[in-house]
There are 2 protein chains.
Amino acid sequence: MYANYCNYAYSLTTSHWYGLTMNAASPKRGRPAVVSVGEIVEAAVELIDRDGVDALTMRSLAASIGIGPMTLYRHLADKDTLLAMLPDALLASVCDEVLRKRSGLLALRTIATGLMNVLQTHPGIATLFEDPEQGPNMKAAASHVINLLIGEGMRSSEAEVALRAVVAQVIGENVTRHGKPQFAGVVLLLDGIRLRLEAN
Amino acid sequence: MYANYCNYAYSLTTSHWYGLTMNAASPKRGRPAVVSVGEIVEAAVELIDRDGVDALTMRSLAASIGIGPMTLYRHLADKDTLLAMLPDALLASVCDEVLRKRSGLLALRTIATGLMNVLQTHPGIATLFEDPEQGPNMKAAASHVINLLIGEGMRSSEAEVALRAVVAQVIGENVTRHGKPQFAGVVLLLDGIRLRLEAN
DNA sequence: ACCTGAACACCGTTCAAGT
DNA sequence: ACCTGAACACCGTTCAAGT
């Protein structure tokens with residue numbers, strides 16, 4: 001249906017480029033594509049940062065790249081699948097940092113501060129986590145954290161709850177805006193998680 | 001500008017009707033209004049429950065009430081101010097229940113379960129808490145909880161953090177949907193808050 | 001093989017007119 | 001005093017046509 005729908009180049013850092021071609025039997029035939037999905041994602045983030053998330057329009061996005069609006073649909077099924085790709089792309093460097101941690105609580109704290117930072121440097125982006133694509137960066141970081149917590153004595157279901165709670169805490173703090181988001185809620189939550197770890 | 005912009009009848013329960021008339025010097029003159037803001041809010045919730053939050057359109061909302069779309073603008077500044085009113089209306093009965101609690105932790109738990117329940121019976125509504133109007137119901141419940149926590153030894157800034165953290169946890173859990181939202185994160189958070197209370 | 005203009009079926013909202 | 005039809009400036013997306 002969409003020939004290179006899965007031909008996505010992921011993160012904004014140079015460390016995680018995933019170039020998957022759907023049909024490997026016919027590479028580089030015909031006219032080369034004028035944009036990649038990675039470039040579209042990058043342009044989308046730039047546009048959001050400059051003009052806000054409401055200004056991200058298929059038309060405005062295409063214009064910022066210098067292509068016709070309809071060309072976007074050669075690479076993307078629709079606008080929602082584009083929006084779903086942004087979280088994993090934005091979290092690439094945070095996920096890298098998480099992978100280097102050797103303590104579960106430290107990894108959780110790294111996720112919290114990193115996510116908080118991302119949500120604040122890209123205002124209005126918190127609601128994009130409504131239905132995020134669990135991309136390669138997020139998947140790797142998540143399983144790393146969960147393995148650390150299991151290694152420290154948690155059951156795997158408990159570990160999943162803890163990770164999920166930390167992410168929910170930060171997103172919730174950033175979705176509603178009564179003044180600046182606070183980190184204090186995360187601290188309370190981490191106290192509760194530490195309590196659970198020490199009980200084992 | 002908008003004569004009865006502040007003429008809002010709030011909650012969906014009959015227990016909290018706030019009928020404020022802006023200009024009390026000229027009551028009941030001319031043709032009576034065909035709808036109240038309270039009825040509009042109620043119709044909006046019904047429409048969201050039936051067809052989802054994306055189906056809430058100024059045109060569809062007006063049609064469901066049986067008035068012209070433009071009549072809505074006699075009572076509402078715009079769509080965003082309508083959306084901002086929904087949280088307080090939906091939380092009316094939860095706030096009532098919170099006011100009856102005599103323990104800070106119990107009140108926090110009541111908020112968590114009540115909010116979780118509301119967000120699940122009205123799917124897709126979590127993001128409406130992005131910029132909610134702090135209506136009468138929410139204000140009353142919030143100050144009650146904070147007073148309870150202060151009475152139990154917390155500083156007022158700590159109490160605000162605790163309340164805010166609980167709300168953020170539930171909203172965050174419901175904004176992103178990896179399967180059904182869990183209550184376990186709230187439990188961890190409440191553990192952290194209990195720890196803080198016992199330290200005093 | 002890849003791109004895109006014209007067109008469709010929608011939005012929220014303004015404004016001048018109706019009763 | 002209250003309501004509203006027509007109209008404006010947008011959307012996301014389809015589809016048939018261009019190169």
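All values reported here derive from a predicted model rather than from experimental measurement. Chain letters run A, B, ... following the sequence lines, proteins first and then strands; every chain starts at 1.
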Can you tell me how far [atom2] of [N] sits from [atom1] of [X], to the nearest Å?
X: A:Leu72; N: C:dC3; atom1: CG; atom2: P; answer: 11 Å
X: B:Leu76; N: D:dC3; atom1: CG; atom2: P; answer: 13 Å
X: B:Arg74; N: C:dC15; atom1: CZ; atom2: C1'; answer: 11 Å

A side-chain contact here means heavy atoms from C-beta on lying under 4.5 Å apart; do A:Arg194 and A:Leu105 qualify? yes
B:Phe129 versus B:Val167: any side-chain heavy-atom pair under 4.5 Å?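 No, their side chains stay 4.5 Å or more apart.
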What verdict does the side-chain contact (heavy atoms from CB on, under 4.5 Å) test give for B:Arg164 and A:Glu173, after you've listed the backbone C-alpha separation in whole Å, the side-chain angles of each residue and the deciding distance to 0.1 Å? CA-CA 8 Å; B:Arg164 195 187 163 114; A:Glu173 193 75 46; 2.3 Å; yes
Closest heavy-atom pair and its distance - [X], [Y]:
X: A:Gln120; Y: A:Pro181; answer: OE1-CD, 4.0 Å
X: B:Leu149; Y: B:Ala162; answer: CD1-CB, 4.3 Å
X: A:Leu148; Y: A:Lys101; answer: CD1-O, 3.6 Å

Report each atom pair, protein N/O against N/O of nucleotides 11-13 of chain C, whose distance is under 3.5 angstrom.
residue	atom	partner	partner atom	Å
C:dG12	OP1	B:Lys79	NZ	2.8
C:dG12	OP2	B:Met58	N	3.1
C:dG12	N7	B:Arg59	NH1	2.5
C:dG12	O6	B:Arg59	NH2	3.0
C:dT13	OP2	B:Tyr73	OH	2.8
C:dT13	OP2	B:Lys79	N	3.0

Rounded to the nearest 0.5 Å, how far does CG of B:Leu61 lie from OG1 of B:Thr71?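 Going from OG1 on B:Thr71 over to CG on B:Leu61, the span is 11.0 Å.
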Base-pair string, DNA chain C, Watson-Crick plus G-U, cut-off 3.5 Å on both distances, | for inter-strand, is ||.|||||...|||||.||
For B:Arg155, check side chain to side chain donor-acceptor pair (under 3.5 Å) against everything at least two apart and list the hits.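 In terms of side chain to side chain donor-acceptor pair (under 3.5 Å), with neighbours along the sequence ignored, B:Arg155 is linked to B:Ser157.
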